[in-house]
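Counting starts at 1 for both ligands and their atoms, following the listed order. All values reported here derive from a predicted model rather than from experimental measurement. Numbers for residues simply follow the sequence, beginning at 1.
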Amino acid sequence: MTRRDATKEEEQGSSAIVFEGVSKRYPDGTVAVEHLDLTLPAGELTVLVGPSGCGKTTTLRMINRLENPSEGRLMIGEQDVMRIDATRLRRRIGYVMQHSGLFPHHTIADNIATVPRLLGWNKKRRRERVDELIELVGLEPSLASRYPHQLSGGQQQRVGLARALAADPPILLMDEPFAAVDPIVRHRLQQEFLDLQRRVQKTIVMVTHDIDEAMKLGDRVAIFEPGGAVAQFDTPSRLLAAPASDFVIDFIGADRELRRLALKRLDSLTLDSGLTAPFDEVVSRARSYLQQAGSGGIVVLDSDHAPLGWLGWEQLKRAGDATRLDALDLQPWRHRLYLHDNLRTALNALISAPGEVVPVVNDEGHYVGVIDRLQLTRQLV
Ligand SMILES: Nc1ncnc2c1ncn2[C@@H]1O[C@H](COP(=O)(O)OP(=O)(O)O)[C@@H](O)[C@H]1O
Ligand SMILES: [Mg+2]
C-alpha cells in the first residue's frame, strides 16, 4: 500500500480491526488476554462479552493504544497500530469509558467539544458541532451549560457518547456504556443506539458483561472466558444455534431456545391463512366452515379486515342458526401480533390466547394469517 492509500483509508476509516495472536501480560504477571485471533469487520458492531476479569477492557484499550500488546500484532486495515502515532490514532477512534468519564469541572458543551478543541477547530465550528451532537444523542439543548453532576446517569451516558462522536471518528470503542443506568433507561438507550448505528454505520466495539445486551446489539459477539481467551466469536443466531462449548451454553443461559425465537420475525415464516369469517356472517354458515376445516374455532374479522375476536366450537354449537357472529360473545386477544414482531412475542401471545391460534396483522392492522403452536415448535428444532 502506498502512503497516499494509507492516508485515504485513514480518512475514510472503512477498516476492519484485526487481532493476530495478541496477548497482554501486565507487569505483575497477570495474563489479561491470551493469544487473541479476532477480526472485527468494518462498519459492524462487535460486542465483547464475558464474566468480569476475563480481559474485555484490556482488549478494547489495546485498540487505541491505552495498553500495548505484549505479543502479536493488532491491525486497523493494513496498518499496524503500533506504527501509528498514538495521538493521531486516538483522533480516529471515539472512546466511551465505563462510568461516562466526563470532566467534572467542564460544562457539558466543553466536555463534548474536547476532541474538536484538541484538533484546533474554531469556536463557531465547535459550537455548531456541539448543538448537532446534543440533538443526535437526544439531550435537551438547555443542558449544554450545566456540569456533569447536575445530570442523571442516563444523561451523562448520552454526553459520553456525544463526546466520543464529536470528531466523527470511523471507529467507536465503548466500555459498558449502559451499565450504570437503570433497566428502563438502559433499554431506551440501547434502542436509540441501534437506530443511531443504522445511520452512522461506524466500526463499533462494545464491552458488556450482559449477555442480553450483547445479543440484542451485536452484529457479532465474542464470548470471552476466564483467562482472557475467546470461547466463541459468531453472530447471535449462530451462537444460539451452535454454541461451541459448555462454557458458551452456560453463559448464554438455559433459555437459549427462547432467545432464538426472539431473533426471528413473523414475516420470515409462511403463515397459515387460518379460518376466518366476516363479522356479519351467520352462525350456521360459520359452523359449516368449521366442520369442513376440522378446526376448533374461527377468527372473526371486522369491516376493516381486522381481527375482532375468536369463536370456539362450543360457543357456535349453542348459538342460534341465524344469529350474526358479531352478536355473540367474541373472545378478544390480549396481544395484537404484527408481522414485524418476533417469535418470542408470538409465543407469549399464544400462551394467553383464547384459541389455539393468534391472528397476525400487517402495519395497517389488516389480517394476514395466523400463527399456532406447531409452527412455533418447528422453529425450535
Ligand atoms: N493495570 C493492570 N495491572 C495489572 N492487572 C490488571 C490491570 N488491569 C487489569 N488487570 C487484570 O487483568 C485481568 C483482565 O482485566 P480487564 O481487562 O479489566 O477485564 P474485564 O474488562 O473483562 O473485566 C483481570 O484479572 C484484571 O485484574
Ligand atoms: Mg472491564
Side-chain angles (χ1 to χ4, degrees), residues 17-40 45-76 81-82 86 89-90 93-102 153-154 156-157 160-161 163-164 171-183 186 189-190 193 203-218 220-234 236 239 243-253:
I17 300 168
V18 185
F19 290 82
E20 297 174 354
V22 170
S23 299
K24 172 67 185 179
R25 206 174 309 102
Y26 283 109
D28 67 359
T30 307
V31 177
V33 175
E34 177 80 65
H35 204 86
L36 201 59
D37 285 312
L38 210 56
T39 297
L40 318 181
L45 200 168
T46 301
V47 179
L48 314 181
V49 67
S52 170
C54 59
K56 306 179 297 292
T57 294
T58 305
T59 300
L60 197 72
R61 287 165 63 87
M62 285 192 284
I63 299 171
N64 61 359
R65 285 189 56 183
L66 291 170
E67 302 291 351
N68 291 331
S70 317
E71 268 164 41
R73 205 159 67 133
L74 211 174
M75 309 284 289
I76 295 181
V81 297
M82 293 306 288
L89 178 73
R90 285 179 207 141
I93 303 181
Y95 182 37
V96 183
M97 277 174 274
Q98 212 166 341
H99 313 301
S100 86
L102 299 178
Q156 289 185 30
Q157 294 290 349
L161 181 60
R163 183 174 64 175
I171 296 172
L172 192 58
L173 309 180
M174 308 175 82
D175 199 348
E176 311 239 5
F178 309 124
V181 293
D182 68 69
R186 188 181 316 145
L189 285 175
Q190 287 169 343
F193 183 69
T203 304
I204 301 178
V205 192
M206 176 187 286
V207 165
T208 179
H209 60 266
D210 177 355
I211 184 68
D212 284 317
E213 181 165 276
M215 293 298 205
K216 181 171 165 192
L217 299 182
R220 267 161 228 275
V221 176
I223 299 185
F224 278 66
E225 58 189 3
V230 169
Q232 191 170 356
F233 180 48
D234 243 319
L239 286 170
S245 66
D246 288 345
F247 176 80
V248 175
I249 292 174
D250 282 352
F251 193 73
I252 291 176

Return a table of N or O atom pairs, ligand 1 on one side and protein on the other, at distances under 3.5 Å, rounded to 0.1 Å.
| residue | atom | partner | partner atom | Å |
| --- | --- | --- | --- | --- |
| ligand 1 | 17 (O) | T58 | N | 2.9 |
| ligand 1 | 17 (O) | T58 | OG1 | 2.5 |
| ligand 1 | 19 (O) | G55 | N | 3.2 |
| ligand 1 | 21 (O) | T57 | N | 2.9 |
| ligand 1 | 21 (O) | T57 | OG1 | 2.8 |
| ligand 1 | 22 (O) | C54 | N | 3.2 |
| ligand 1 | 22 (O) | G55 | N | 3.1 |
| ligand 1 | 22 (O) | K56 | N | 2.9 |
| ligand 1 | 22 (O) | K56 | NZ | 2.8 |
| ligand 1 | 23 (O) | G53 | N | 2.7 |

Under a 3.5 Å distance rule, please check whether [X] uses its side chain to pair with a backbone N or O of [Y] as donor and acceptor.
X   : Y    : result
R73 : E20  : no
E34 : A229 : no
S23 : H35  : yes

What's the verdict on side-chain contact (heavy atoms from CB on, under 4.5 Å) for L189 and L161, showing C-alpha distance, side-chain angles and the deciding distance?
-> CA-CA 11 Å; L189 285 175; L161 181 60; over 6 Å; no

Not counting sequence neighbours, which residues clear salt bridge (charged side-chain N to carboxylate O under 4.0 Å, His left out) with D37? List them please.
->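 Partners of D37 under the salt bridge (charged side-chain N to carboxylate O under 4.0 Å, His left out) test: none.
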
List in chain and number order the residues that pass salt bridge (charged side-chain N to carboxylate O under 4.0 Å, His left out) with E67, two or more places apart in sequence or in another chain; answer none if no residue qualifies.
->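 So E67 forms a salt bridge (charged side-chain N to carboxylate O under 4.0 Å, His left out) with K24, R61.
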
Atom pair CG (L48) and CD (E176), whose distance is rounded to the nearest 0.5 Å =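 Going from the CG atom of L48 to the CD atom of E176 covers 10.5 Å.
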
Straight-line distance of I204 CD1 to F193 CZ, nearest 0.5 Å =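 So the gap between those two atoms works out to 3.5 Å.
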
Will you find, in the side chains of T30 and D28, an N or O donor that is under 3.5 Å from an N or O acceptor?
->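 Short answer, yes.
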
Spell out the protein N/O/S atoms under 2.8 Å from the Mg ion (ligand 2) as residue plus atom name.
->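 Near the Mg ion (ligand 2), below 2.8 Å, one finds T57 OG1.
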
